[in-house]
Structures are given as structure tokens and as C-alpha cells.
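What you see below is based on every heavy atom in this structure, not just the backbone, and it leaves out hydrogens, waters and symmetry mates.
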Amino acid sequence: MLRILDARTGEPVPAAPARRGLTRIEAHASGLDPTGLRVLLTADLLVRALELGGTPVWTILNAPRDQPELRTAATRLAVRPFEDDRDLASGLGESQVLHVAQRGAEGLLGEGPVVSVAPAEWVAGRGRGEADDRGAGGETVDTIGAGAGAGAGAGAGAGAGAGAGAGAGAGAGVAPDRTDGPAPPSTLPPLLSDPSVLRLALLTVPRSEPARLDPAVLDDAARSLARWRRAVAGWARRPSRPVPAEVRDRLRAAWEDDLDLPAVLGVLRDVESAPGIPDGARFETYAYADRLLALDLARDLGGPA
């Protein structure tokens with residue numbers, strides 16, 4: 001059973017207390033910026049994890065602005081589509097509402113648990129080994145979202161728009177990126193030029209830690225993703241074998257423990273190099289995990305060896 005950490009109480013709680021009961025997930029994004037993208041991704045991971053556990057889910061997007069652009073970005077990030085009608089499930093026996101929102105918006109989301117996520121920010125042009133974002137004269141170098149999210153108080157201000165109009169229910173909170181406002185749309189193409197790379201870059205960072213995105217981080221994610229896709233395409237040429245029971249248990253234990261995606265990725269790295277696992281089993285393991293990760297790991301199947 002998926003359990004999420006309630007930021008209100010500091011205690012883990014079931015994400016879907018009524019097994020197989022219909023759960024509504026509301027994603028509250030304050031704008032088209034790196035944190036807004038992280039809100040969408042967190043909501044999508046919650047949807048996928050619940051569905052893998054047999055819980056029916058439907059999702060709503062709440063955003064005070066940039067709704068069409070956010071929906072377009074969500075599609076590119078392989079986020080499940082949002083419903084247009086928030087009252088769609090009113091007569092379908094809905095058992096719980098989960099809100100995915102910026103940290104600090106807990107008081108605006110009605111009753112229920114809240115999962116808090118640390119800030120995300122994009123630092124353009126930052127190279128490897130640089131100590132910070134400052135240029136020689138001390139100025140900030142092309143930092144998107146610099147300045148806010150240093151604490152819960154800043155997050156509360158950023159979350160005000162996201163939480164407006166939210167109904168009662170549970171919540172999964174996503175912290176704002178360090179910004180005084182949404183990043184201009186012109187700054188997002190570097191992040192969305194390869195959405196799977198951005199998705200992997202965000203998945204590698206625990207939700208409790210800031211996600212600092214720069215060209216070096218995206219390059220690392222791109223190399224890892226390309227390596228895994230090549231490996232999956234190669235393993236697919238071998239006879240299929242089931243996912244080892246121990247590996248399946250480790251994967252589910254990781255994502256059911258407060259959506260610990262870095263631990264899920266750690267299991268995949270172990271399977272990639274562990275001796276004694278048939279290549280067919282490696283393939284099935286990656287295909288199984290990709291139902292949650294949505295990284296299109298089998299994209300290169302059928303390509304040249």
C-alpha cells in the first residue's frame with residue numbers, strides 16, 4: 001500500500017485509505033515555471049503508483065493562469081491527461097481527494113494530509129564545478145526562480161494562488177521554485193527540449209531536497225537515459241524471463257514508501273550491473289518500472305544493434 005508523509009503531522013498515512021475506492025488528485029500549479037512542472041510530475045507519479053496498486057484515479061488541474069500552456073507541458077512530460085470537469089466523480093463513490101501543491105499552501109487546501117516537496121529551479125549556463133550562480137561581479141547568472149523558497153514562509157506566499165478554490169481532502173505539496181513569479185515561457189524550452197531527460201533529472205532528486213537543474217544536470221540525465229535505452233533494446237533480443245521476485249519487491253517497497261523514486265532508480269542501476277540476472281529478466285524489470293517512471297525506456301526496440 002502506498003503511504004505518503006503528511007507534512008501537517010509529520011506522520012505517514014495511506015494515500016488511498018479505501019482500497020480500490022475512487023481517488024481524485026488535484027494538481028495546483030501557480031504558473032508555467034520549473035516548480036509548476038514539478039507539481040505536474042508529482043501528481044502524475046501519484047496517479048501511476050495508485051493505479052499500479054489497483055486504485056482508480058482521476059485528476060484535475062487547478063491553476064490561476066497558464067492553463068493551456070501547463071496542459072501542453074504536461075503532455076510533453078508524459079503526464080496523464082487532466083479531466084475538464086471537477087464534478088465528474090461526484091456520484092461515483094469518491095473516497096478521497098489528494099491535493100498536489102506547493103509547500104506552504106497546506107492551510108489553503110482544506111483538511112487532509114500534505115506531502116511537501118523541496119524547490120526546483122533552472123540555472124541557465126551553469127557549468128560543472130561552479131560553486132554557485134554568481135558571476136565575477138557578484139550578479140546572478142541567468143537564474144530562473146532565484147530568491148524565494150528559502151523557507152516555508154516563502155513557499156506559503158508562492159502557494160497562495162495554487163491553493164485557491166481547493167476543496168477539502170488530502171494533499172501532496174510541491175514546494176515552489178526559488179522565484180518571485182513564474183519563469184517566462186521563453187526560459188522553459190531548454191527544460192522541455194527533451195521532456196524524458198527533464199523527467200529523469202527530477203526523479204533523481206528526493207522530494208525533500210531542492211532540485212537544481214542546469215545544463216550539466218540535464219547532460220548527466222541524457223547520458224543515463226541513452227545508456228538505459230540502448231541496454232533495454234539489447235536485452236529485448238534475449239529470451240524473456242520474469243522479473244525476479246526480490247527485485248519486484250524492492251521496486252514496490254521503494255515507490256510505496258512515500259514515492260521514493262531515487263530508490264527505484266537505485267534498484268534499476270543494481271539490476272543493470274548485477275551478475276546472474278538473465279538479460280530477459282533485466283528487460284522485464286525495466287519495462288515494469290517504466291509503468292511508473294514513464295521514461296520510454298523501450299523506445300529503441302527494433303533499432304540497429
Side-chain angles (χ1 to χ4, degrees), residues 15 23-52 56-86 88-89 97-103 105 109 115 117 119-122 144-145 158-159 161-166 171-177 179 181-205 207 211 213 218 221 225 255 259 261 290-297 299:
T23 297
R24 183 173 81 223
I25 296 175
E26 295 196 16
H28 303 266
S30 59
L32 186 62
D33 54 31
T35 294
L37 299 182
R38 204 177 194 192
V39 169
L40 303 182
L41 175 58
T42 301
D44 184 60
L45 293 168
L46 191 56
V47 169
R48 292 173 183 273
L50 286 171
E51 287 182 343
L52 283 167
V57 184
W58 68 293
T59 56
I60 291 290
L61 174 62
N62 280 309
R65 55 182 178 271
D66 301 324
Q67 275 250 9
E69 293 83 359
L70 280 167
R71 288 176 181 270
T72 298
T75 299
R76 296 189 65 185
L77 275 174
V79 170
R80 299 289 180 84
F82 295 99
E83 300 291 345
D84 293 324
D85 185 358
R86 63 181 295 117
L88 182 66
V97 179
L98 298 172
H99 297 285
V100 181
Q102 300 177 12
R103 184 171 61 194
L109 299 177
V115 177
V117 179
E121 64 175 344
W122 163 244
I144 297 172
V174 177
D177 69 342
T179 181
S186 62
T187 64
L188 290 177
L191 291 176
L192 289 171
S193 60
D194 191 331
S196 294
V197 168
L198 172 60
R199 192 172 174 109
L200 177 56
L202 289 172
L203 293 178
T204 62
V205 183
R207 291 200 317 275
L213 302 168
L218 296 183
L225 187 58
W255 75 58
L259 287 175
L261 276 301
D290 206 33
R291 295 172 62 186
L292 175 69
L293 302 176
L295 295 173
D296 200 11
L297 294 177
R299 189 193 68 177

State whether the side chain of [X] and the backbone N or O of [Y] hold a donor-acceptor pair below 3.5 Å, judged by distance alone.
{"X": "R24", "Y": "V57", "value": "no"}
{"X": "D290", "Y": "L295", "value": "yes"}
{"X": "T75", "Y": "P81", "value": "no"}

Which heavy atom in [X] sits nearest to a heavy atom in [Y], and how many Å separate them?
{"X": "A294", "Y": "A78", "value": "O-CB, 4.1 Å"}
{"X": "I25", "Y": "A43", "value": "CG2-CB, 4.2 Å"}
{"X": "S30", "Y": "P64", "value": "O-CG, 4.0 Å"}
{"X": "G31", "Y": "L70", "value": "O-CD2, 3.7 Å"}
{"X": "W58", "Y": "E83", "value": "CE3-CG, 3.6 Å"}
{"X": "L37", "Y": "A73", "value": "CD2-CB, 3.7 Å"}

Under 4.5 Å between any side-chain heavy atoms of [X] and [Y], yes or no?
{"X": "R199", "Y": "D44", "result": "yes"}
{"X": "L292", "Y": "L261", "result": "yes"}
{"X": "D296", "Y": "L225", "result": "no"}
{"X": "L191", "Y": "L218", "result": "yes"}
{"X": "R38", "Y": "P119", "result": "no"}
{"X": "L61", "Y": "L40", "result": "yes"}
{"X": "L213", "Y": "L202", "result": "yes"}

Return the [atom1] to [atom2] distance between [X] and [Y], rounded to the nearest 0.5 Å.
{"X": "L32", "Y": "L192", "atom1": "CG", "atom2": "CG", "value": "7.5 Å"}
{"X": "L198", "Y": "L203", "atom1": "CG", "atom2": "CG", "value": "9.0 Å"}
{"X": "E51", "Y": "T23", "atom1": "CD", "atom2": "OG1", "value": "10.5 Å"}
{"X": "R207", "Y": "L41", "atom1": "CZ", "atom2": "CG", "value": "10.0 Å"}
{"X": "R291", "Y": "L297", "atom1": "CZ", "atom2": "CG", "value": "13.5 Å"}
{"X": "H28", "Y": "N62", "atom1": "NE2", "atom2": "CG", "value": "5.0 Å"}

Could you check L98 against L50 for side chain to side chain contact (heavy atoms under 4.5 Å, CB included), going step by step and ending with a plain yes or no?
-> CA-CA 11 Å; L98 298 172; L50 286 171; 4.0 Å; yes
Could you please spell out the steps behind the side chain to side chain contact (heavy atoms under 4.5 Å, CB included) verdict for L52 and W255?
-> CA-CA 10 Å; L52 283 167; W255 75 58; 3.6 Å; yes
